[in-house]
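Contents: one structure, followed by commentary.
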Amino acid sequence: MLTIPFIRTNTEQTIAGLKKKRFADAEAIVKQILELDEVRKNLLQQAEQALEKSNAIAREIGGLMKSGQTQEAEAKKAETAELKIKIKEFGEAAKKAEQDVQDVLVTLPNLPHSSVPEGKTADDNEITLTWGKVPSFDFEPLAHWDLIKKYDIIDFDLGNKITGAGFPVYKGKGARLQRALINFFLDEAIKAGYYEIQPPILINEDSGFGTGQLPDKEGQMYITQAEGLYLIPTAEVPITNLYRDVILTEKDLPIKNVGHTPCFRREAGSWGAHVRGLNRLHQFDKIEIVQIRKPEESYQALEEMSTYVQGLLQKLGLHYRVLRLCGGDMGFASALTYDMEAWSGAQNRWLEVSSVSNFETFQANRLKLRMKVDGKSVLCHTLNGSALALPRIVASILENNQTKDGIKIPEVLVPYCGFSVIQ
RNA sequence: GGAGAGAUGCCUGAGAGGCCGAAAGGAACAGUUUGCUAAACUGUCGUACUGGUAACGGUACCGAGGGUUCGAAUCCCUCUCUCUCCGCCA
C-alpha cells in the first residue's frame, strides 16, 4: 500500500507510475485521495481539540474533588456536555473519513520501478536472457499429459474422482519425483543461506491483507466455511506475515526464509485448452523464498534471487529465459518482477516456473513491518520468489528429457529420486 | 466439547476510577570507571496520528470492539486468544 505522505510529496510520480501499471483514472483517484485526507485531518483536528478541552476540565474536576470542593466540581461537569457532543460528532466523522481514504488507498497498486518497461500485456515483456537450447528429438515427442499416462505416474482421473479437476494424484515414480524435487529445492536454498520455515497453509484475513491478496484477489482463494480461513495461494503469504506488526533492528537483517507448501488457487474463469495437464492446477507444491531487506539493498537482493533461481534451472538442465515484466503484466503489489520460463519440449512453448519480485515498502506498509534506524522506524522492503513451482518443472523435465522408451531424470535429482529413469 | 483462571511496555510484574504512557526488577543500548572478562555507577529505553521551520505541544493505544462516567488499564457487556483440570483424539 502506498503511503499518503509519499503520494502528497510525489504526486506526479505517483500518477505516472499508476499509468504505467495501467491503472484507470490515475489523476482523478490520486486527487480524490489527497482531498479525502485533507478532510480527514481537519475533522481529526477538531475532534482532538474538543477532547483536549474536555480532558482539561476532567482534570480540574479531579483536583476539586480531591480538595473537597464538591459543588464547584458539580458546576464544572455541566461545561462538558457540549464538548461531549462535539467529540462524538467530529470523532465519528473523522473515523469515517479515515475509512474513506483507506478504501481508495487499498485499491492502488504498487508503483513500478523505473526499469519496468512500458506495456500492456505479456507480449510487451522484455526478454533479458535465454539459457540453454531447445531439445531436439528424432521422434515425435509426447506432451506431458500423454507421458504421465504412458508411464502411469500422475493421474488426473483419480484426482477428479476424489476432489475435482485440477487436483492430480501423483503415483509411484511420479510421487517420488515430486518428493525429490521438494528436497532438492529445500536443500539448495539452505545451502544458499535460507532458513527453513514450515508455516500453516490456512491463513486469516489479516494475513491475506498484509501481503496484498485481500481485498484484491478474494475470488482466487479457497475459504473454509466454518472458520472463514483462506487456503494459501503461495507460501509467500504465511512466511511474509510472520513479520506482520514487527519492528526489526538492523542486526536482524537480512532475513532470508524458504518454505515448501502446497498452494491452492481457484483459477476462477481461467480454464481453457491451453492449460491442459500440469500447466495450471488448483493445488500444487511450491518452494518459496522470501527476503526482508533494508531499502537500499533490496534491488541487489532481487538480482541475487534471480541468479539463485536461474542456478536451479541450470542444475536441472532446463532451457529457460528470463523476462522483465512490463507495467501492464505485473502483479498488484510488485515494483519489479522477473519471470523465469522453462521450455516445454513437446508443447513447444514457454512455461512460467518462477516469479521473483521486489515489493519495496508496499507489503511492509500493510504489514506494519519496520526497522529501527537511528531511533526512527522505517518500512522494510520485502521480496519473494518461487524456487521453484513444481508442476511446470515436472512438465518440462518429462517433455524435454523423454526418449522413445523412458524419461531420463536430471543427474542432480538421481540421488534424491533413487532412480535415474522412468520407464 | 464442559469447568475455572487469565491477557499490562522487549521480558517478569505492580497498579483495582482522577496524581498512570503506566511502579519496580531484568534485558538491551550509550557513557564513566576498570590489567582483561566481569562487576559497579550514570543516562537512554514504546507505537501511531497530528500542530509547528524548529524548540516544543496535542490525541490515541494496558488482548479487540462497544458501554457507564466530568474522568477508565481499573467498573459493565460482547468477542478473541492463552493457561489449568476433565472429556475426546492424530
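We name chains A, B, ... by the order of the sequence lines, and we start the count at 1 in each one.
- Counting non-hydrogen atoms under 4.0 angstrom, L83(A) reaches nothing in the nucleic acid.
- The side chain of S377(A) contributes an N or O atom lying less than 4.0 Å from OP1 or OP2 of A48(B).
- For a distance-only test at 3.5 Å, the side chain of E48(A) qualifies as a donor-acceptor partner of the base of G58(B).
- Counting any heavy atom pair closer than 4.0 Å across all strands shown, K41(A) reaches sugar-phosphate atoms only and no base atom.
- Across all strands shown, the partner of U59(B) is A48(B), judged by Watson-Crick or G-U wobble contacts whose two distances both fall under 3.5 Å.
- Atom name C1', nucleotides G52(B) and G15(B): the rounded distance is 36 Å, in whole Å.
- At the phosphate of A60(B), OP1 or OP2 sits under 4.0 Å from a side-chain N or O atom of N55(A).
- In this structure, the ring of F332(A) has its center less than 6.0 angstrom from the ring center of F362(A).
- Below 30°, between 30° and 60°, or above 60°: for Y308(A) and Y194(A) the angle between ring planes is between 30° and 60°, a tilted geometry.
- Across all strands, R370(A) comes closer than 4.0 Å only to sugar-phosphate atoms, never to a base (heavy-atom distances).
- Less than 6.0 angstrom separates the ring centroid of H113(A) from the ring centroid of Y299(A).
- Residue R40(A) places at least one side-chain N or O closer than 4.0 Å to OP1 or OP2 of U50(B).
- Checking each of E38(A), Q45(A), Q46(A) against N42(A) for a side-chain hydrogen bond (donor to acceptor under 3.5 Å, both in side chains) leaves exactly one that passes, namely Q46(A).
- Base contact: I61(A) has a heavy atom under 4.0 Å from a base atom.
- The phosphate of G66(B) has OP1 or OP2 within less than 4.0 Å of a side-chain N or O from K95(A).
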